[in-house]
Amino acid sequence: MSGKRSLRSSSSIRHATEWPISDVASDLVIEVGSSSFALHKFPLVSRSGKIRKLLLEAKDSKTSRVNLSTIPGGPEAFELTAKFCYGINVEITLSNVAMLRCASHYLEMTEEFADRNLETRTETYLKETVFSNISNSISVLHRCESLLPLSEEINLVSRLINAIASNACKEQLTSGLLKLDHNYPSKTALNIEPETPSDWWGKSLSVLNLDIFQRVLSAVKSKGLKQDMISKILINYAHNSLQGLVIRDHHLVKGSSLNLELQKKQRVIVEPIVSLLPTQSRKSPVPMVFLSSLLKTAITASASTSCRSDLERRMGLQLDQAILEDILIPSITRGSSHSSMYDTDSVVRIFSIFLNLDEDDDDDDNDCHLRDESETMCDFDNPGSPKQSAILKVSKLLDNYLAEVALDSNLMPSKFIALAELLPDHARAVSDALYRAVDIYLKVHPNIKDSERYRLCKTIDCQKLSQEACSHAAQNERLPVQMAVQVLYFEQIRLRNAMNGSHNQFFFGSSNGSQFPLRSSSGAGSGAISPRDNYASVRRENRELKLEVARMRMRLTDLEKDHVSMKQELVKSHPANKLFKSFTKKLCKLNVLFRMNSLKPFGTKNSSENRFPFQKRRRHSIS
């Protein structure tokens, strides 16, 4: 900007004796807060409508003092505007354009009073430099936060937010066109998520106030920004906003003013972030680890029930993507001596959400089979199918969680049993991990009631235990006697059926599916499963058992041959066998003789006498 003369800007406010340098004595003092400026009326009145009005409205025409304490930007903003009125070159930058724009509006420095006045100059800078660039818009928007409410009244905040949203969507469109220009990269390249550049504009949003940030995110969502990009923005903002607000040790600060203040700060940040998350779905772009962190923070900060329920539902939708650390949610009451370490109630709700959704999917799958049973896309008998694999992942996750929480000596048996009973029968192909978790719990809690011990062990399907687990269970003194007997019984049936070649019917269900009773679809967290699903989940074990039974048959045949040969050698080598053999021959001859006599026809004479060689004589009476 051109001017008659230029003075170097100072970080400190220049007072009446220092600025401006002029041979003419000042006739006006402007007070801004604790600072005062000795100036001249003419330069100010020629460009500022507000100062002109204040001097005209003054009762004393010789007024030499005006108070402008309410000017946005304070003394710094007034110093720059005063220099502009004196014709001094004032450089407009990203750091001062918002302040100058608000100050020029406050002082009414419009074209009505002078050509190319400050308001016009700042508007030109905003249009040419700020609105066309996302990062510049975010930087100026951040400066506007300290200039509220005037920056809002002149629509500067709204214009900046709209500029950010529009430019973000233009950038997204340009990025999509660049991908098309590369002639569709290979699938492997498409599956690799591109790295976020270090100067990515989304990181700059973390400097914004939460209210302004919410408005920006709502604007970019309405403009059509992709959900994965919105998720990245939220994750980055939450990471920077919640940093330093994590309570490391709850029982040390529980009830203190520090804890209450931290909870309030966390709650103010977490609840709006949760409300801004993308639409709930199983393919949500929000990472599971981020949802888990938000839920842990929400529980710690005593967030609203709706906020926690929303996070639990989102985690339930993506539960097959979780790892053990994601569901190890600490309890906020763990500081007391009798409280458990983990919040198992939240975990129960999360798993129930996943299982209930799986139930809904089962109904859709049945409709799909009725439409076309030959369609492979609806074939869930395959253990590698998406639905079946997700259930198996969740079952392993729950078993690992049970083994972890079983070490908590304060965990109530009812809560552990509720966790163990969550999954339906078909969810576990093998029950070894569940047996291990139950055994750990019984070891850590030796004094639980017999009824609770029996109910806990009842959750284990003995038919799905491996040979090693059965051997351990049969000798485990911590288990109820009923379970040990059941394990031995099933092991005996397993061996007997294996040797008889009928193991398939026992292990993989009969034609009516009686060996594996299915849970009713009306039960909470379970769905109706056909025998085909049971067969699919243990098909691999079926092949292994077939090989094992074949080897046992070959071994049994070898043992029978050895037994026959040993018996023959024993008969030949013993001396007493000769006498026994001759005696046996004589008995055989007598037996043949008796049979020949009995074969004579009953109709001949004395036939009744010939029947019995040693018949009694009868006395005949004389009549």
Side-chain angles (χ1 to χ4, degrees), residues 1 3-22 24-123 125-126 140 142-157:
M1 298 176 61
K4 294 181 180 180
R5 53 181 178 165
S6 174
L7 293 178
R8 185 176 61 180
S9 176
S10 174
S11 59
S12 62
I13 303 301
R14 299 180 183 273
H15 295 278
T17 58
E18 301 177 2
W19 184 89
I21 299 175
S22 175
V24 181
S26 63
D27 57 357
L28 181 64
V29 176
I30 304 295
E31 295 178 349
V32 182
S34 60
S35 302
S36 60
F37 299 86
L39 303 173
H40 304 87
K41 292 181 180 180
F42 178 74
L44 299 179
V45 170
S46 63
R47 287 187 178 270
S48 173
K50 186 175 183 66
I51 296 177
R52 179 182 296 185
K53 289 179 182 178
L54 289 174
L55 293 175
L56 290 174
E57 293 173 357
K59 295 181 180 180
D60 188 0
S61 60
K62 296 181 179 180
T63 301
S64 60
R65 187 173 295 273
V66 175
N67 191 305
L68 297 177
S69 298
T70 57
I71 184 174
E76 181 184 0
F78 179 77
E79 181 180 2
L80 292 175
T81 56
K83 285 183 177 181
F84 181 83
C85 292
Y86 274 84
I88 299 174
N89 184 28
V90 177
E91 183 182 3
I92 301 178
T93 63
L94 293 174
S95 60
N96 65 20
V97 64
M99 179 178 63
L100 290 175
R101 178 66 183 84
C102 292
S104 64
H105 179 80
Y106 176 84
L107 294 173
E108 300 178 14
M109 300 176 69
T110 62
E111 295 296 303
E112 181 182 351
F113 301 99
D115 293 336
R116 294 182 58 80
N117 212 341
L118 185 58
E119 186 174 274
T120 305
R121 299 284 183 91
T122 53
E123 276 294 329
Y125 185 85
L126 287 170
V140 175
H142 177 50
R143 302 281 179 177
C144 288
E145 294 175 351
S146 61
L147 300 170
L148 294 171
L150 186 58
S151 58
E152 191 72 69
E153 292 175 3
I154 63 176
N155 292 327
L156 181 57
V157 173

Measure across Ala103 and Thr81 and return the closest heavy-atom pair with its distance rounded to 0.1 Å.
-> CB-CG2, 3.9 Å

Nearest 0.5 Å, what's the CZ-CZ distance between Arg121 and Phe84?
-> 4.5 Å

Non-hydrogen atoms of Met99 and Ala77 that approach each other most closely = CG-CB, 3.5 Å

Got a donor-acceptor contact below 3.5 angstrom from the Asn117 side chain to the Glu112 backbone?
-> no

Heavy-atom closest pair, residues Pro75 and Val32 = N-CG1, 3.5 Å

Minimum-distance pair of heavy atoms, taken over all atoms of Asp115 and Arg47 | O-NH1, 3.9 Å

Picking from Cys102, Ser48, Cys85, what satisfies side chain to side chain contact (heavy atoms under 4.5 Å, CB included) with Leu107?
-> Ser48

Do any N or O atoms from the side chain of Tyr86 and from the backbone of His40 form a donor-acceptor pair under 3.5 angstrom?
-> yes

Non-hydrogen side-chain atoms of Leu118 and Leu80 separated by less than 4.5 Å | no

For Ala98 and Val140 the tightest heavy-atom approach is CB-CG1, 3.9 Å

Is a side-chain N or O of Thr120 found less than 3.5 angstrom from the main chain of Arg116, in a donor-acceptor match?
-> no

Side-chain contact, heavy-atom cut-off 4.5 Å: Arg65 with Glu31?
-> yes

Any side-chain heavy-atom pair of Leu156 and Leu147 under 4.5 Å | no

Measuring from Glu123:CD to Glu119:CD, what's the distance to the nearest 0.5 Å?
-> 6.5 Å

Could you give the distance from OH (Tyr106) to NZ (Lys50), rounded to the nearest 0.5 Å?
-> 4.5 Å

Would you say Glu153 and His105 make side-chain contact, with heavy atoms under 4.5 Å?
-> no

With a 4.5 Å limit on heavy-atom distance, are the side chains of Leu44 and Ile30 in contact?
-> yes

When rounded to the nearest 0.5 angstrom, what distance separates CD in Glu91 from CG in Leu100?
-> 11.0 Å

Separation of Thr93 OG1 from Tyr125 OH (nearest 0.5 Å) | 6.0 Å

Which pair of non-hydrogen atoms, one from Ser69 and one from Gly33, has the smallest distance, and what is that distance?
-> OG-N, 3.4 Å

dist Ile51:CD1 -> Phe113:CZ (nearest 0.5 Å) comes out at 11.0 Å

